[in-house]
Amino acid sequence: MLALLAAGCATPGTRGALYDDLGGQAGIEKLVGRFIFEIGNDALIRPYFEETDLDRFHEKLTEQICEVSGGPCRYSGDSMVDSHRNMGVTEAHFNQTVDLLIRAMEAEDIPHRVQNRLLAVLAPLREDIIYQ
Ligand code: HEM
């Protein structure tokens, strides 16, 4: 998993295709919905979200994934540093959250090759999220 995240950038020229391979807007909305379900079932990660407006989280994360996968959206949420400030997210909890995203992608039948490409475009955000 870590080696995979460290693998970094998506292959040039595949950005537009990743959005389509995720099922476009509808597919991403569904994936984020499933991710929130997985978070709700996870005793380690759920407590972080106790005070969170989940409708907003759903909307903003959908927008962000749409943008980084080459879709037509522009992310309008807070910066990653601001959104995760004072949470003290550890590396272990970050990795656990990535595992929940993988679980959600599995549940949505997203092929592994497509899963890896989404993880690769999200990986650079890690530094802005942990230990803030
Ligand atoms: C690549 C990994 C991650 C991405 C792409 C991501 C993305 C986001 C986005 C887009 C938002 C919404 C910002 C807004 O409302 O404007 C958000 C909020 C939030 N994130 Fe993350 N996040 C990641 C990892 C994590 C991790 C590891 C945790 C905790 C273990 C976490 C906990 C939260 C919480 C609790 C909120 C809601 C904050 C609030 O209630 O205002 N996130 N995240």
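Predicted, not measured: the structure shown is a model, and the values here were computed from it.
- One hydrophobic cluster, built from ILVMFWY side chains closer than 4.5 Å, cannot hold both F37 and M105; they sit in different ones.
- Nearest heavy-atom pair, T52 versus F57, reported as atom, atom and distance to 0.1 Å: CG2-CB, 4.1 Å.
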#### Entry: Verdict with reasoning, Y75 to V68, per side-chain contact (heavy atoms from CB on, under 4.5 Å)
CA-CA 9 Å; Y75 177 61; V68 300; over 6 Å; no

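- A donor-acceptor pair is defined here as one N or O able to donate and one able to accept, closer than 3.5 Å; no such pair exists between the side chain of E108 and the backbone of G27.
- Using modelled atom types, no side-chain atom of R46 and backbone atom of I39 make a donor-acceptor pair closer than 3.5 Å.
- Summarising the local packing, NZ of K60 is surrounded by more than 12 heavy atoms from other residues, nucleotides or ligands at distances under 6.0 Å.
- Checked by atom type, the side-chain pair Q132/N86 shows no donor-acceptor distance below 3.5 Å.
- Here I28 contributes atom CD1 and C73 contributes atom SG; the two are 6.5 Å apart, rounded to the nearest 0.5 Å.
- Looking at Y19, its side chain does come within 3.5 Å of a backbone N or O of Q25 through a donor-acceptor pair.
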### Derivation of the side-chain contact (heavy atoms from CB on, under 4.5 Å) call for R34 and E38
CA-CA 6 Å; R34 180 69 195 201; E38 298 293 346; 3.0 Å; yes

### Task
Kindly determine whether L119 and I102 satisfy side-chain contact (heavy atoms from CB on, under 4.5 Å), including the steps that lead there.
CA-CA 9 Å; L119 294 174; I102 293 170; 3.9 Å; yes

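- Hydrophobic clustering of Ile, Leu, Val, Met, Phe, Trp and Tyr side chains at less than 4.5 Å, counting indirect connections, unites L44 with F94.
- Atom CG in N116 sits 9.5 Å away from atom CZ in R113 (nearest 0.5 Å).
- The nearest pair of heavy atoms linking D53 to D55 is OD1-N, 3.1 Å.
- One finds the CG atom of D42 at 7.5 Å from the OG1 atom of T97 (value rounded to the nearest 0.5 Å).
- To the nearest 0.5 Å, atom CE of residue M80 and atom CD of residue Q64 are 4.0 Å apart.
- Ion pairing between E67 and R74 holds under the 4.0 Å rule for side-chain N and carboxylate O.
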#### Entry: Test log, rule side-chain contact (heavy atoms from CB on, under 4.5 Å), inputs D21 and R117
CA-CA 10 Å; D21 289 346; R117 282 160 59 208; 3.1 Å; yes

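- Checking E106 against H112 by side-chain atom types alone, a donor-acceptor pair falls below 3.5 Å.
- Two different hydrophobic clusters hold I130 and V81 under the rule that ILVMFWY side chains link at heavy-atom gaps under 4.5 Å.
- In this structure the side chain of L118 never reaches within 4.5 angstrom of the side chain of V114, judged on heavy atoms.
- In this structure, the separation between CD on Q115 and CG on L22 is 10.0 Å, given to the nearest 0.5 Å.
- Taking the centre of each ring, H93 and Y48 come in below the 6.0 Å mark.
- Annotation: the span from S83 atom OG to D128 atom CG amounts to 9.5 Å, rounded to 0.5 Å.
- With H58 contributing its side chain and E29 its backbone, the two residues share a donor-acceptor pair below 3.5 Å.
- The shortest distance between side-chain heavy atoms of E59 and E63 falls below 4.5 Å.
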